[in-house]
Amino acid sequence: MKRRGFWFLPLLLILLLSGTVFAQEFKEFTVFTGEPLPDYPGSTIVGDIIERETGVKLIREALVGDLETKVGLMIASGDYPDLVVAAHFTSLLKDAGALLPLNDLIEEHAPNLKRLYANHWDMLTQEDGNVYWLPIQAIPYGPDTSRYPSLAFFMNKRVLKEAGWPVIKTLDEYFGLIADYMAKHPTIDGEPTIGYITLFDGWRSFATTNVPQHLMGYPNEGEFVPVMQQGRYVVTEYHTSPTAKAYYKKLNDMYNKGVVDPETFILNYDQYIEKLSSGRVLGTFNQFWQMQEAQNYLLRDKPESIFVPLPIVIDPLVEERQRDIPYVQPTQGMGITIKCKDPVGAIKFLDYLIKEDTQRLLQWGILGEHYEVDENGLYYRTPEQLELFRDPDWVQNVFGRHYFFNAFPSLRGVDENGNMFFPDTQPHLIYSDSTDSEKEVMDAYGVKSFSDLFNEPIFKKYFPLWTITMPAGSAAHIEETRMKDVLNRYVPELVMSSPEQFDAIWENYVKDIKPLMVEQMKVYQEGIDWRMENW
Amino acid sequence: MNTSACAAPRGKTFWDRVKQQKVLILMTIPFLVHVIIFRYVPIWGWLMAFQNYWPGKSILQQTWVGLENFKLLFDDPVFYQVLRNTLAMSVIKLAMGTVSSIILALMLNEVRIMWFKKSVQTISYLPHFISWVVAANLVRDALSTDGGIINEVLMRLHIIKQPIMFLGIPALFWWIIGVSHVWKEVGWGAIIYLAAIAAIDPTLYESAMIDGAGRLKQMWYITLPSIRPTISVLLIMNLGWVLSAGFEQQYLLQNGRVIDYARVFTIYELDYGIKMMRYSFATAVGIFRSVVSLILVFSANQLAKRWGQERLV
């Protein structure tokens, strides 16, 4: 008995010691990021450096299911992580008193945050004079331009190639091309061709219902568009506009001709991405970030079927301004909650993350290993380095960028010495770093970036409307939910009905949706007026 | 000690009986405490339904609004749609689930080859352990028009010419919920009935056999009547859940096309309550559900009593 006890003692001691050493070495913060992200792999290239330099380990919780639900439950239970990102619902957390004011913390402990967010401070200051959250992607020195526009009607490259790279402008031309190709090629790689699919899964259904405003030439404003009238932006609805009617009519026509995927309205997001990634879908409308995952897989595995963004409007006379100037989303970002035991440590961690060196590490990597500097001081990547960063699995799981970039305070645009924070937007590299498949399209249209297929964006001070949120539980808020219900119910019916029924359904739809916009438009109008005055 | 407690003459004072049964009483206390803490204390939260509740303030600092939330609820046309859907799906699930479990239990009971019986039982209750998040994706894929197995089989058999978009037909939604519920729960539900069947006195079967009853007649005249108490108790208990009808299943299988038929109370509370921070409204809906459930259980219990069946209380 006694001997056995002695035998275990050293082992126990070692275990205890190593335990205490670990606990001393790392500070732990819990963080909820309002988006789905796989579990942290435990060790990544950038993650290990960050852990070593800050002594901070993050305990992550990613979003599963609905963000609204999660935030609602969080508030109801009062059970908050140390750091929280609640996207569109950040202000709800503030109203519930869950967020700490950051002004003093930043003033005393975070010189980098103070310096890099200085441009946006007015926007971020709430009515009580405090700042409660830090939006992702601050733009300290100036904007950049991406390779892809933020939203577009996308078309499978094989369609454009076969048609001899036509320049198309209208919805009719777009669907005409798709229908022609589909008639000629009923299958792709042995599987049935899918002409057009539209995403309609839960909150993501704006990929379908937002389209009329873009067909009218606007960038993404949300559910309403501010239209300039006699020197004032007047909030205007588009859900019942003639453009909306023409758009749904077109989809209805295409659905009945078998061009629109018959099950498009019942697909969930995973199924949608899976179909896009198969390379047999000819067209879809979406915001680029919602289909980027599929595009990345296509670039790697099926370069002949990548999606090309096209500036499509309803009528050739409409002025297309769908692109947006990179903007900071002042109504959402990362906050420190009242449950955080060490707010100073947390703000210092964020201050470390935001500084230029860390941002460069996250985006470009390690000098000499992941990027090089040319004689003008401009960064570039060798073909081998590029190849690495083209593999989305590598970037996420081995390099580890997503785990410290998405949702966390970060920088975009041009940096202090003329390089871009995002390698993808380095102007002299956008073209040269594109894949061969992308270059083929750019060459055919004589552009150096897909964004160049679109007109220059217009600067609007308030932009965008959708970052104005409805007061929780207010009449306008209830109206908003009901309006989305109406859209959810009618849009599939409008598209999937027989052509003769369309007009009758449209009339019912207009009758039902019209009364559900009044209160919302009031709130948006007030918000726009306030921004025009105060920003 | 136990024998003496049981043998004690009746008619003693209350405290004598408490003393006699103190071991039993001690054993029940943890459960009593559990029920009080987790089932009765939260009922204080019902106060929220009569307030305009805002998180972060204590319950007594809130603004009181009387029956405002209930008025909003009963004025909402969506409410009646939700009530219809919940009742319909509950009844379908209850009926299909109970009948299929009983039939499976009866059939399994007749199987004499042990390995076959065991493997059927295991296979049929396995889906119970899959979460609906995964199961809903399986159902979606099986029902897909783009190579889904159900459409493929029906087309190969030349029963249909075109794939049917099952999940896009509003009239079918309740039945898809019912059938997928059966697929997931049939084996699990059968276990209780199998246990009840195992408790039947074998001499009953022997005498029935001597009287010339075949397998079917034995089932009808011996097995079924013997498990009738189990069936009625389970039915009464399940009636309490009629206004719940599940959540994940409908939530994950619904889509815009069928929303008018898919939205049940739990989803309604979420969409129009919690998601919009209308906690008071969600509570009002919850109270409505609880009260109706209570009425249902008690009336079912009364009915069972009148019909001379086993009952709950």
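If you're wondering where the values come from, they're calculated on a predicted model, not measured in any experiment. Letters A, B, ... are given to chains in the order of the sequence lines, protein chains preceding strands, and every chain is numbered from 1. The analysis underlying the following values was restricted to heavy atoms, covering all of them including side chains, and did not include hydrogens, waters or symmetry mates.
Contact record, B/Tyr272 with B/Phe281: O-CD2, 3.6 Å, taken as the closest heavy-atom pair. Contact record, B/Leu47 with B/Trp64: CD2-CH2, 4.0 Å, taken as the closest heavy-atom pair. Listed here is the closest heavy atom pair of B/Leu138 and B/Trp183: CD1-CH2, 4.2 Å. In plain terms, the two heavy atoms of B/Gln254 and B/Arg140 that are nearest each other are O-NH2, 3.4 Å.
If you measure heavy-atom distances from B/Asn52 to chain A, you find no contacts under 4.5 Å at all. Within the 4.5 angstrom heavy-atom criterion, atoms from both the backbone and the side chain of B/Asp146 approach chain A. Within the 4.5 angstrom heavy-atom criterion, only side-chain atoms of A/Gln271, from C-beta onward, approach chain B. B/Val78 touches chain A through its side chain: at least one heavy atom from C-beta onward sits under 4.5 Å away, while N, CA, C and O do not. Neither the backbone nor the side chain of A/Asp201 has a heavy atom closer than 4.5 Å to any heavy atom of chain B. Residue B/Arg257 touches chain A through both its backbone and its side chain, counting heavy-atom pairs closer than 4.5 Å. Proximity to chain A (any heavy atom under 4.5 Å) is restricted, for B/Tyr251, to the side chain, taken from C-beta onward. Neither the backbone nor the side chain of A/Leu487 comes within contact range of chain B, judged by heavy atoms closer than 4.5 Å. When heavy atoms are compared at a cutoff of 4.5 Å, B/Ser144 approaches chain A by way of both its backbone and its side chain. Contacts between A/Met496 and chain B at a heavy-atom distance below 4.5 Å involve the side chain alone, from C-beta outward. In this structure, the portion of A/Phe200 lying under 4.5 Å from any heavy atom of chain B is its side chain and not its backbone. Contacts between B/Ile274 and chain A at a heavy-atom distance below 4.5 Å involve backbone atoms as well as side-chain atoms. Both the backbone and the side chain of B/Leu167 come within contact range of chain A, judged by heavy atoms closer than 4.5 Å.
Judged by the 6.0 Å distance and 45° axis criteria, A/Lys70 is positioned over the aromatic ring of A/Phe32. Cation-pi check for B/Arg263 over B/Tyr268 is not met; the charged atom does not lie both under 6.0 angstrom from the ring centroid and within 45 degrees of its normal.
Listed options A/Asn488, A/Ile338, A/Leu92, A/Asp485 were ranked by heavy-atom pairs under 4.5 angstrom with chain B; first place goes to A/Asp485. In terms of heavy-atom pairs under 4.5 angstrom with chain A, the leader among B/Asp271, B/Leu270, B/Asp260, B/Val133 is B/Asp260.
Checked for salt-bridge contact, A/Lys484 and A/Glu480 meet the test: a charged N lies under 4.0 Å from a carboxylate O.
Remark: B/Tyr80 OH is packed, more than 12 non-hydrogen atoms of other residues, nucleotides or ligands lying under 6.0 Å away. A 6.0 Å sphere centred on CH2 of A/Trp466 holds more than 12 heavy atoms belonging to other residues, nucleotides or ligands.
Classified by interplanar angle (parallel below 30°, tilted 30° to 60°, perpendicular above 60°), the ring pair A/Trp506/A/Phe502 is parallel.
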